[in-house]
Each structure stands twice: as C-alpha cells, then as structure tokens.
Amino acid sequence: MTVGVNVSRFEGIAMAPPDPILGVSEAFRADTNEKKLNLGVGAYRTEELQPYVLKVVKKAENLMLERGENKEYLPIEGLAAFNKATAELLLGADNPVMKEGRIATVQGLSGTGSLRLASALIERYFPGAKVLISSPTWGNHKNIFNDARVPWSEYRYYDPKTVGLDFEGMVADIKAAPEGSFILLHGCAHNPTGIDPTPEQWEKIADVIQEKNHIPFFDVAYQGFASGSLDQDAASVRLFAARGMEILVAQSYSKNLGLYAERIGAINVVCSSADAAARVKSQLKRLARPMYSNPPVHGARIVANVVGDPALFGEWKAEMELMAGRIKNVRQKLYDSLMAKDKSGKDWSFILKQIGMFSFTGLNKAQSENMTNKWHVYMTKDGRISLAGLSLAKCEYLADAIIDSYHNVS
Ligand code: KET
C-alpha cells in the first residue's frame, strides 16, 4: 500500500542559491566549450590543468598500506601524532608555547570545520562577543559565523584606489571594535586579495589588538603557498605567540598538501597557561562530539607521516616550492601578456605584487560575468581568479578575456 502525498511537506523550502565559489565548479563542469578555464576554486592544477596528488602523499599512503593500519574510531580530539605535528608546523617545534603545554590542539574537518568548531566555542563561552573580519574576505567566513550565531562586522582591508592594503583603515577599525572582540586574520596569502601586511605592519596590528584586549583568530589555509616556505608563512602567527598573546588558529592541509577531499586541518588555541589549555581542549571535544563525533583518520595519518619523517618532510618542502613556483610563473606570464596586449596604458603591476594562489583583478560583477559568458573563463563574481588553475599556455587567452571585459563592459 502506498500513501500519496499531493503537497510536499517541504513546499515552504525555497531553492538555495549556488555557492559563490563551489557553484562555479558546477557551472564549469556543465560547459562543453573546449576553451573553458576554471579559475574559480582555489585548487592547484598542473601545467596540463590536471589535479595533482603530491608524490610525498602517495609515499605516505603506501607506508600506511604496508603497515596495515586499522580503521578504528579516533579519539574526539583526533590523531595524537597529527595534533603534535600540526602545532609544531605552525609554531615551530622549539616554541616555548609547546614546551609549556599552553596549546589546545584538536583535529578538525579541514579549515572550514576547524573555523566552525572555534565559532561554536566563541558562541558558547563568549556570548555577544563580536568577530571582526576583513573586507573583503573568503566568502564562507560570513556563513560560518552566521550559522554559529556569532555576530560579526567588517574592518577595512582592501583599498581599490591603490589596489593595496588600507592599513590606516584596518588599524582604526580594529581599534574602534568593542574591547575583547575576536579579530579574524589571514595568516598569509590573504584570500581573495593576495595582499598581506608587511612584518612592520603585523607588529602594529599586534599592538592595537593587545591594547584593546582583543583575541586574534588566525585562518591559516595557505601555509607554504605564499612564499614557498612553511616557516616564513607562519611568521605572523609566531609574532603574536612570541608576545605571549592568547590566539586561535585554524589550519588547513587542503592546499599545501593537496588534501582537499580528505578534510584535514586543526583548531589550535594558544592559552596563557597549560591549565587553561587543558580546559579549552576538553570543551572543544565536548562541542565536537555531537557535531561529528570524531574526525576522519586518513588525512591525519598522511600529515603525521609527512611532517614526522625528516626525509618525507624535505620532499614535501621541495614539492611545495615547485607548486608555488609554477603559480609565480603564470602570474608573471599573465602580467607580461596583459602589458603586451593592452594598449590603453593601464598599469597591471598590481598582479605581480599580489601573492598566493589568487589574483584579485579588480573586475566588477558585470565584467566577471562577461569573462564567463563570452570567454568561458569561470571565476568568482568578486573579480578573483585562481592562478593555480591557470597554465602558461592559457595566459594569452586569459589576457585577451580580461582586456575585453575590463575595457568593453562597464
Ligand atoms: N580559509 C580560507 C581563507 C580559504 O580560502 C579556504 C578555502 C578555507 C579556509 C577552507 O578550506 P578547507 O578545504 O575547508 O580547509 N578556500 C577555497 C575553497 C573553498 O572555498 O572552499 C577557495 O577560496 O576557493
């Protein structure tokens, strides 16, 4: 016997809009034009525009198979060897924070899941506290804080006039925030702008945050991808830690180890005492248990093997330099192509000043839509392009598309 339902009980649920970043990949897959180019999501491709599994990851996976490791549940806080490795990678193994046991590290569902867990901690233990995010920022930050019911507002970051950092505006807005706010900072390779503060500016940012008793909250999704060096890219976080500040840091291994689909990352809370860190960790576990119970093991073992083995660690660094280097090469070629082809005299040198996976082109929504509709170049509507999805062979085509969109669409 079947019971017919004439009117769906889900009638009141409206269609959700596509995700501004991951929705771009869906649209790309549906396009049959052979010229199509996916510069939407920040995912590394080879010069042949194919996804890339790092050699060092394959080696680590082979090791795991040989050892015949089991599939038992991990503890709620994740794999101990991973948690140790990830905190050391962030702060440096000899950092006093580690020796003093002042850090609570919990394995998370990559960067996003780690940010979400930290948001739940803020919502529960700092009710009413505000998170300040940069304008602009990675699109998902707002969703994460909205869903966690954590109030947020923006601080000035990008200055379209200089296509650079609005440092004065940034500092003024952080200063003006209610005392004890959480200040979300991109550890390196700011997404989407590709513009980072200088070391001197980081010092000043730390000064105001300390003055106002704010809590810095770092999102580190690109360690190694900005400069090619893991240590250099962690300098901002280490500068704050060296001042004895309490900090939150979400980490992701999606980009730097190419483990996108393994969902491996961590949330770290640096506290002023080992005792506080132990209590914070216990509460992070308590928040994680009803959300997803415990994290997946595969990516955690890969990271623990790679970071924990000096030979594999060395190989990883070399491969990362290779990836970062390929992006720098297409960045240069794109700039050269734009300068050679664009006779208007426009200065495109901002592209060379930006760092990391992305370039923030300055194209507006209509111009970005022209890139996709006319040229089959898929990108986010804020004008961001992922250079990790570009090849040297496609730079001239992309330059043509950008010049047409910039000059012929208002
Ligand atoms: N933080 C930032 C700044 C970031 O760009 C991403 C991903 C993440 C966190 C989360 O990544 P995860 O895979 O959860 O560790 N950004 C790319 C992919 C995405 O939007 O999910 C992107 O901007 O294209």
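All heavy atoms count here, side chains included; hydrogens, waters and symmetry mates do not. Note that the structure is a prediction, hence the values are computed from the model and not measured. In listed order, ligands and their atoms are each counted from 1.
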* Write out the residue and atom name of the closest protein heavy atom to atom 20 (O) of ligand 1, then the distance separating them to 0.1 Å. => Trp138 NE1, 2.9 Å
* **Nearest-neighbour protein heavy atom for atom 2 (C) of ligand 1, which is reported as residue plus atom name and distance** => Asp219 OD2, 3.4 Å
* Structure fact -> protein heavy-atom neighbour closest to atom 18 (C) of ligand 1 works out as Lys255 NZ, 3.6 Å
* Salt-bridge test for Lys84 and Glu88: reply yes if a basic N is under 4.0 Å from a carboxylate O, no otherwise. => yes
* **4.0 Å heavy-atom contact, His190 with ligand 1** => no
* Should His186 be counted as touching ligand 1, given the test is an N or O pair under 3.5 Å? -> no
* Can you tell me if Met357 has a non-hydrogen atom under 4.0 Å from ligand 1? -> no
* Interatomic spacing from CG in Leu363 to CE in Met379 - rounded to 0.5 Å -> 5.0 Å
* Asked: Of all the atoms in ligand 1, which lie at a distance below 4.0 Å from a heavy atom belonging to Arg263?
  -> 12 (P), 13 (O), 14 (O)
* Asked: Taking N or O atoms only and a 3.5 Å limit, does Ile21 qualify as a polar contact for ligand 1?
  -> no
* **Ring centre gap for Trp138 and Phe358 strictly below 6.0 Å** => no
* To do: Please confirm whether Asn140 comes under 4.0 Å of ligand 1, counting heavy atoms of the residue only.
  => no
* To do: Specify side chain, backbone, both or neither for Arg384, according to which of its non-hydrogen atoms lie closer than 4.0 Å to ligand 1.
  => side chain
* **Ionic contact status for Lys59 with Glu315, cut-off 4.0 Å** => yes
* Option with minimal heavy-atom separation from atom 13 (O) of ligand 1, where the choices are Ala388, Gly113, Ser254 -> Ser254
* Answer yes when Glu69 and Arg301 have at least one side-chain N-carboxylate O distance shorter than 4.0 Å, and no when they do not. => yes
* **Val41, portion touching ligand 1 at heavy-atom distance under 4.0 Å** => both
* Asked: Are the charged groups of Glu168 and Lys204 less than 4.0 angstrom apart, N to O?
  -> no
* State plainly whether the residues Lys365 and Asp382 are in salt-bridge range, i.e. N to O under 4.0 Å. => no
* Asked: Do Glu77 and Lys285 sit within salt-bridge range, that is, some charged N less than 4.0 Å from a carboxylate O?
  -> yes
* **Side-chain ion pair, Arg243 and Asp207, N-O less than 4.0 Å** => yes
* Asked: Taking NZ, NE, NH1 and NH2 as the nitrogens, is one of them in Asp31 or Lys36 under 4.0 Å from a carboxylate oxygen of the other?
  -> no
* Identify, for atom 12 (P) of ligand 1, the protein heavy atom at the shortest distance, and state residue, atom and that distance. => Ser110 OG, 3.3 Å
* To do: Report, in ascending order of atom number, the atoms of ligand 1 lying under 4.0 Å from any heavy atom of Ser252.
  => 12 (P), 15 (O)
* Asked: Does ligand 1 have any atom sitting under 4.0 Å from a heavy atom of Tyr222?
  -> yes
* **Element-labelled atoms of ligand 1 that are located less than 4.0 Å from some non-hydrogen atom of Gly42** => 22 (C), 24 (O)
* Asked: N/O to N/O below 3.5 Å, does that happen between Thr112 and ligand 1?
  -> yes
* Are Trp152 and Phe182 close enough that their ring centres sit under 6.0 Å apart? -> no
* Select one of side chain, backbone, both or neither to describe which atoms of Ala221 lie under 4.0 Å from any atom of ligand 1, heavy atoms only. => side chain
